[in-house]
Enquirer: 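Pasting in a structure now, in structure tokens, and then I'll have a few things to ask.
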Amino acid sequence: MLCRSSTKLLNICIASLCRAHSLEKAESVIADSIRLGILPNVVTYNTLIDAYCQLVGVDAAFCVLDRMREAGIRPDVISYNSLMAGAAKEGLLPRLEGLFDEMCQKGINPDVWSFNTLMHCFFASGKPDEATKIFWYIMNNDLSPSPATFNIMINGLCKNNYADYALTLFWYLRSCGFVPQLITYNTLINGLCKAGRVQAAKRILKELGESGNAPNAITYTTVMKCCFKYKQFRHGFEILLDMERKGYTFDGYAYCTVIAALVKEGRTKEATDYMEQMMRSGIQLDIVSYNTLINLYCREGNLEAVSKLLCDMEKRGLECDKYTHTIMINGLCRSGDIKRATEHLYSMNMEGFDSKLVAYNCVVDGLGKAGQIDHAMEMFKSMERKDTFTYSSVVHNLCKARRYSCASKLLLSCLRNGLKLLDSAQQAVINGLYSSGFPSEAKRLRSIIRTAQMLRY
DNA sequence: CTAGGGTTAG
């Protein structure tokens, strides 16, 4: 009895240390307890597994599973769920599936959270079909879906470009008696706005109002961003005013949404006003806020103010992320300093950032704009990943350099691969072929573009 | 464990 209540105390202590990110201290407390004869139980180890997943990684957490077995304690469904959540967080789908199989083999029955995590990871890995199978497996086998099951499903469908299915599913589930949470409404409204389904988003917003839930700061920011996306600036500003009145501008989300939207429009003066308003209200800047402001200063060509912000960040112990670097590279390109932009891009390579696609696109485009089409093509060929921006930029700049035949070949290969380029880039090729004395090639290209469009829809 | 803000559009 004494021992059991001591272990309970130990677990409270370990949980608290883990929350404070003090893993070493937690380990030493466990070691001391064992010496005193107070043995950790399954809860102690599960707490540790969860903490290692969040603070170190799934590999480190897996070592705890081994230690647990050595101590003669059988891992349970929570141990495995924590490990799977850790794998999901790192995007390790095969690892997660392995853990799921291992759990089943050891006779531990997966619960709804095991399935939720599996579903979430399938969606995050761009496998909506697999995720959907899991969802219907939960539903058809009556594995008592949790509210999060529905939220993960609706969010996953939206993030994988199936906002329409998400909407249909929402109404279907409603008809079965499912009661959406605020988070469900927010998820769906965001997905519909991003998919351009503004009318449907408004309908869900109305539904939210009638559901008895009060819209929160997230609802407001989501709708406000949608207004800016569709150029309804006045309506957007009204929403911000409303948020200020309701006390929903306690963090940088709302202000950064407005500032970024204005910068995109080239309205840097107004953006600066909002920036000052944000600073006056004493909001602690986070990395996203810094990036938003650095982008604003880059647009204004105020590189001095950019350096000042970077110094601030360093003092606060905030590290630049891939967005910071990309924003700076883009800013350097805009100011015509392609050399420094290229150097910055290579320093990003050295530091081992995983996704540099946008940064490369900026430099390739910058080189083209600066008339260095050969350098642009060289960099283009060296890129391991390319997207519609890469091709649109290169095609456009080839046209600018009057290399219509080369541009046309590249455009045709994109069409064959089902990649849609910006209309302006396609038009530039057609116009170029016409004006340089190849009207029949231009006509042929136009008809191929039309066919590709028809096949897409 | 599931919802909102930041980068490229020539």
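Throughout, a chain's letter reflects where its sequence line sits, starting with A, and its residues are numbered from 1.
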Enquirer: I need the CG-C1' distance between A/Leu296 and B/dT7, as an integer number of Å.
Expert: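 My rounded result for the distance is 14 Å.
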Enquirer: Taking all non-hydrogen atoms of both residues into account, name the closest pair between A/Leu99 and A/Phe62 and its distance.
Expert: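 Looking at all heavy atoms of both residues, the shortest contact is CD2-CE1, 3.6 Å.
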Enquirer: So, does A/Lys194 get its side chain near the phosphate of B/dG5, meaning an N or O under 4.0 Å from OP1 or OP2?
Expert: yes
Enquirer: Looking only at heavy atoms, what is the nearest atom pair of A/Ser392 and A/Ala425, with distance?
Expert: O-CB, 3.7 Å
Enquirer: Rounded to whole Å, how long is the line connecting atom CE of A/Met328 with atom C1' of B/dT8?
Expert: 16 Å
Enquirer: Pick base, sugar-phosphate or nothing for A/His120, based on heavy-atom distances below 4.0 Å to the nucleic acid.
Expert: sugar-phosphate
Enquirer: Any donor-acceptor pair under 3.5 Å between the side chain of A/Thr219 and the base of B/dG4?
Expert: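 When only heavy-atom distances are counted, A/Thr219 does not reach the base of B/dG4 through any donor-acceptor pair under 3.5 Å.
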Enquirer: Starting from P on B/dT2, measure out to CZ on A/Phe178 and report it in whole angstrom.
Expert: 17 Å
Enquirer: Should the pair A/Phe228 and A/Phe233 be assigned to parallel (<30°), tilted (30 to 60°) or perpendicular (>60°) ring geometry?
Expert: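 Ring orientation of A/Phe228 relative to A/Phe233: tilted.
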Enquirer: Within a reach of under 6.0 Å around CD of A/Glu314, are more than 12 heavy atoms found that belong to other residues, nucleotides or ligands?
Expert: no
Enquirer: With respect to the side chain of A/Asp286, which nucleotide from B/dG5, B/dT2, B/dT8 is positioned closest?
Expert: B/dG5
Enquirer: Would you mind reading off the distance between A/Ile327 atom CD1 and B/dG5 atom C1', rounded to a whole angstrom?
Expert: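 Distance check: A/Ile327 CD1 to B/dG5 C1' gives 12 Å.
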Enquirer: Over all strands shown, is A/Ile287 touching base, sugar-phosphate only, or nothing at heavy-atom distances under 4.0 angstrom?
Expert: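 Base, at least one base heavy atom under 4.0 Å.
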Enquirer: Mind checking A/Ser392 for me? I need base, sugar-phosphate or nothing, with any heavy atom below 4.0 Å counting as a touch.
Expert: base
Enquirer: Is it the case that B/dG4 (base atoms only) and A/Thr221 (side chain only) share a donor and an acceptor within less than 3.5 Å, ignoring hydrogens and angles?
Expert: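 Such a pair exists between side chain and base.
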Enquirer: Would you please classify the geometry between the A/Phe135 ring and the A/Phe150 ring as parallel, tilted or perpendicular, with 30° and 60° separating the classes?
Expert: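 Ring orientation, 0 to 90° scale: perpendicular.
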Enquirer: Can you sort out which residues in residues 230-261 of chain A have a heavy atom within less than 4.0 Å of DNA chain B? Ascending by number, please.
Expert: A/Asp251, A/Gly252, A/Tyr253, A/Cys256, A/Thr257, A/Ala260
Enquirer: Could you check whether any side-chain N or O of A/Ser125 sits under 3.5 Å from a backbone N or O of A/Lys127, counting only pairs where one atom can act as donor and the other as acceptor?
Expert: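 No, A/Ser125 side chain to A/Lys127 backbone: no donor-acceptor pair under 3.5 Å.
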Enquirer: Any N or O donor-acceptor pair linking the side chain of A/Asn186 to the base of B/dG4 at under 3.5 Å?
Expert: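 Such a pair does not exist between side chain and base.
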Enquirer: What's A/Lys356 touching, base or sugar-phosphate or nothing? Going by heavy atoms closer than 4.0 Å.
Expert: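 Since no nucleic acid heavy atom lies under 4.0 Å of A/Lys356, the category is nothing.
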Enquirer: Quick check for you: among B/dA3, B/dG5, B/dT8, whose closest atom lies nearest to any side-chain atom of A/Asn216?
Expert: B/dA3
Enquirer: Please tell me which of the listed nucleotides, B/dG4, B/dT8, B/dG5, lies nearest to the side chain of A/Lys264?
Expert: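 The answer is B/dT8, which lies nearest to the side chain.
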Enquirer: Rounding to a whole Å, what distance do you find between A/Tyr290:OH and B/dT7:P?
Expert: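 Distance, rounded to whole Å: 18 Å.
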Enquirer: Distance check, rounded to the nearest 0.5 Å: A/Cys333 atom SG versus A/Arg340 atom CZ?
Expert: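 A/Cys333 SG to A/Arg340 CZ: 11.5 Å, rounded to 0.5 Å.
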Enquirer: Can you see whether A/Ser355 engages A/Lys322 through a side-chain donor-acceptor pair at a distance of less than 3.5 angstrom?
Expert: yes
Enquirer: Can you find a side chain N or O atom of A/Asn330 that sits less than 4.0 Å from OP1 or OP2 on B/dT7?
Expert: no
Enquirer: What nucleic acid atoms does A/Asn397 come within less than 4.0 Å of, heavy atoms only: base, sugar-phosphate, or nothing?
Expert: nothing
Enquirer: Would you say a side-chain N or O of A/Lys225 is under 4.0 Å from OP1 or OP2 of B/dG5?
Expert: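 A/Lys225 to B/dG5 OP1/OP2: side-chain N or O found under 4.0 Å.
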Enquirer: Could you state the NZ-P distance from A/Lys229 to B/dG5, rounded to the nearest angstrom?
Expert: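 Distance, rounded to whole Å: 11 Å.
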Enquirer: Classify the ring geometry of A/Tyr165 against A/Tyr162: parallel below 30°, tilted from 30° to 60°, perpendicular beyond 60°.
Expert: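 Correct class here is parallel.
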Enquirer: Please report, rounded to the nearest Å, how far the C1' atom of B/dT7 is from the CZ atom of A/Phe353.
Expert: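 After rounding, the reported distance stands at 13 Å.
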Enquirer: Just compare B/dC1, B/dA3, B/dG4 and give me whichever is closest to any side-chain atom of A/Thr117.
Expert: B/dC1
Enquirer: Tell me: CD of A/Gln277 to P of B/dG5, nearest whole Å?
Expert: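 My rounded result for the distance is 20 Å.
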Enquirer: Looking across every strand, which nucleic acid part, if any, lies under 4.0 Å from A/Ser289 by heavy atom: base, sugar-phosphate, or nothing?
Expert: base
